[in-house]
Asker: 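Let me begin by handing over the structure; questions about it come next.
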Amino acid sequence: MLDRIERILVAGNRWLLILLLLAMACIVFANVVLRYTTGDSIVWAEEVARHMMIWVTFLGAGLVLRFGGHVAIDNLHRSVSARKAQAMRGFVVLILAIFFAVMTVTSSQYVYATRFQTTAATDIPISYIYGAMPVGFVLMLIHLLFIARGYITAGNFAESDEMDADAAASI
């Protein structure tokens, strides 16, 4: 049951990212084409693309964490005994979980504080854009909890046929 929930979460997260990136690319492309062919641009395109980029960043951070794509220094836990390495990785997971939880609460307060402000071009409440922060931190916490056992015991991240985290991190 938990595996099915995890698969649905990962698939939903990926498809949402794909759709946001596709929409953002279409908006930016259309704006560039219009600017160079007609001399006019879409008034709201840059603003909406920027807001989509914010959402993509926070929604994608959990998937990147899950597959080990974030920058990491792992020399220390690779050079000590297995038991010490597990303790170190457990400490890292604990600190990350606390950080994600604190940032979820803090960013939720920030979203609440900006609920009456609106954007310049589209008049969208800024809290809708900043809502990406608590959603992203909750997703990072969930993805962390799904991989925590394998990471603590063996230093492994989730595997994916579509992505090589080591290759992606080395670019």
Side-chain angles (χ1 to χ4, degrees), residues 2 4-73 91-148 151 157-158 160 162-163 165 168-171:
L2 199 56
R4 183 170 183 219
I5 292 171
E6 183 178 6
R7 281 195 312 274
I8 291 170
L9 174 73
V10 170
N13 199 175
R14 281 183 177 176
W15 277 106
L16 187 57
L17 284 171
I18 290 167
L19 293 174
L20 278 172
L21 282 169
L22 179 65
M24 187 175 64
C26 289
I27 289 169
V28 170
F29 179 75
N31 194 36
V32 169
V33 168
L34 284 172
R35 186 179 312 132
Y36 285 105
T37 58
T38 66
D40 290 328
S41 63
I42 305 169
V43 176
W44 50 265
E46 182 184 344
E47 184 177 286
V48 170
R50 184 175 41 248
H51 300 157
M52 287 178 161
M53 181 62 77
I54 292 167
W55 272 94
V56 164
T57 300
F58 280 98
L59 292 177
L63 284 176
V64 173
L65 174 74
R66 163 185 212 80
F67 296 114
H70 285 292
V71 175
I73 301 171
F91 180 71
V92 167
V93 167
L94 177 66
I95 294 299
L96 283 174
I98 291 169
F99 176 74
F100 296 154
V102 168
M103 289 304 296
T104 298
V105 171
T106 304
S107 61
S108 295
Q109 292 168 347
Y110 194 69
V111 168
Y112 183 76
T114 61
R115 70 192 180 279
F116 298 119
Q117 297 175 5
T118 60
T119 60
T122 56
D123 208 31
I124 296 171
I126 289 182
S127 59
Y128 290 2
I129 294 127
Y130 289 163
M133 292 185 296
V135 170
F137 283 115
V138 165
L139 281 173
M140 283 189 269
L141 181 59
I142 291 169
H143 285 295
L144 177 69
L145 294 176
F146 275 127
I147 66 159
Y151 177 70
F157 292 97
S160 173
E162 301 163 0
M163 185 184 90
S170 67
I171 293 177

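Note that the coordinates shown come from a computational prediction; the quantities given were computed from them, not determined experimentally.
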Asker: If you take all heavy atoms of Ile27 and Met52, which pair is closest and at what distance?
Answerer: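 Looking at all heavy atoms of both residues, the shortest contact is CD1-CE, 4.0 Å.
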Asker: To the nearest 0.5 Å, what is the distance between CG on Leu22 and CG on Leu17?
Answerer: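 Going from the CG atom of Leu22 to the CG atom of Leu17 covers 12.5 Å.
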Asker: To check you understand the geometry: which heavy-atom pair defines the closest contact between Val93 and Ala148, and what is its length?
Answerer: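 Scanning both residues completely, I find the closest heavy atoms to be CG1-CB, 3.9 Å.
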Asker: Identify the two heavy atoms, one from Leu144 and one from Leu96, that lie closest to each other, and give their separation to 0.1 Å.
Answerer: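 Reported closest heavy-atom pair: CD2-CB, 3.8 Å.
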Asker: Is any side-chain heavy atom of His143 closer than 4.5 Å to one of Val10?
Answerer: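 Val10 reaches His143 side chain to side chain.
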Asker: Taking atom OH as the centre, does Tyr110 end up with more than 12 heavy-atom neighbours from other residues, nucleotides or ligands that are less than 6.0 angstrom away?
Answerer: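 No - once you tally the heavy atoms of other residues, nucleotides and ligands closer than 6.0 Å, there are 12 at most.
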Asker: So, does Asn31 use its side chain to make a donor-acceptor pair with the main chain of Ser41 at under 3.5 Å?
Answerer: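 Absent.
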Asker: Do Val56 and Leu21 touch side chain to side chain, with heavy atoms closer than 4.5 Å?
Answerer: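 SC-SC contact between Val56 and Leu21 confirmed.
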Asker: Going through the distances and angles, do Phe67 and Ile147 end up as a side chain to side chain contact (heavy atoms under 4.5 Å, CB included)?
Answerer: CA-CA 9 Å; Phe67 296 114; Ile147 66 159; over 6 Å; no
Asker: Taking atom NE2 of His51 and atom OH of Tyr130, what is their separation to the nearest 0.5 Å?
Answerer: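 Nearest 0.5 Å value for the NE2-OH distance: 8.0 Å.
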Asker: Looking only at heavy atoms, what is the nearest atom pair of Thr38 and Leu34, with distance?
Answerer: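 Result for this residue pair: OG1-O, 2.6 Å.
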Asker: Tell me the closest heavy-atom pair linking Ile124 and Ile129, and the distance in Å.
Answerer: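 Looking at all heavy atoms of both residues, the shortest contact is CG2-CD1, 4.3 Å.
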Asker: Look up atom CG in Leu19 and atom CE in Met24, then write down how far apart they are to the nearest 0.5 Å.
Answerer: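 These two atoms lie 12.5 Å from each other.
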Asker: Give me each pair satisfying salt bridge (Lys or Arg N to Asp or Glu O under 4.0 Å) with a member in residues 24-49, each pair once, sequence neighbours excluded.
Answerer: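 Qualifying pairs, neighbours excluded: Glu46-Arg50.
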Asker: Only pairs under 3.5 Å count here: list side-chain donor-acceptor contacts from residues 133-141, not counting sequence neighbours, and write none if there are none.
Answerer:
none

Asker: Under a 4.5 Å cut-off applied to non-hydrogen side-chain atoms, are Leu65 and Phe100 in contact?
Answerer: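 Side chain of Leu65 against side chain of Phe100, heavy atoms only: contact under 4.5 Å found.
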Asker: Using atom types as modelled and distance alone, determine if a side-chain donor or acceptor of Asn13 lies under 3.5 Å from a backbone N or O of Leu59.
Answerer: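 Confirmed, Asn13 side chain pairs with Leu59 backbone.
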Asker: For Met103, I'd like to know if atom CE has over 12 heavy atoms of other residues, nucleotides or ligands within 6.0 Å.
Answerer: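 Buried by this count: over 12 neighbours within 6.0 Å.
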Asker: Mark yes or no for whether His70, through its side chain, and Ala61, through its backbone, hold a donor-acceptor pair below 3.5 Å.
Answerer: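 Present.
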Asker: Within the side chain of Arg14, is there an N or O that forms a donor-acceptor pair under 3.5 Å with the backbone of Ala11?
Answerer: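 Side chain of Arg14 to backbone of Ala11: no pair is present.
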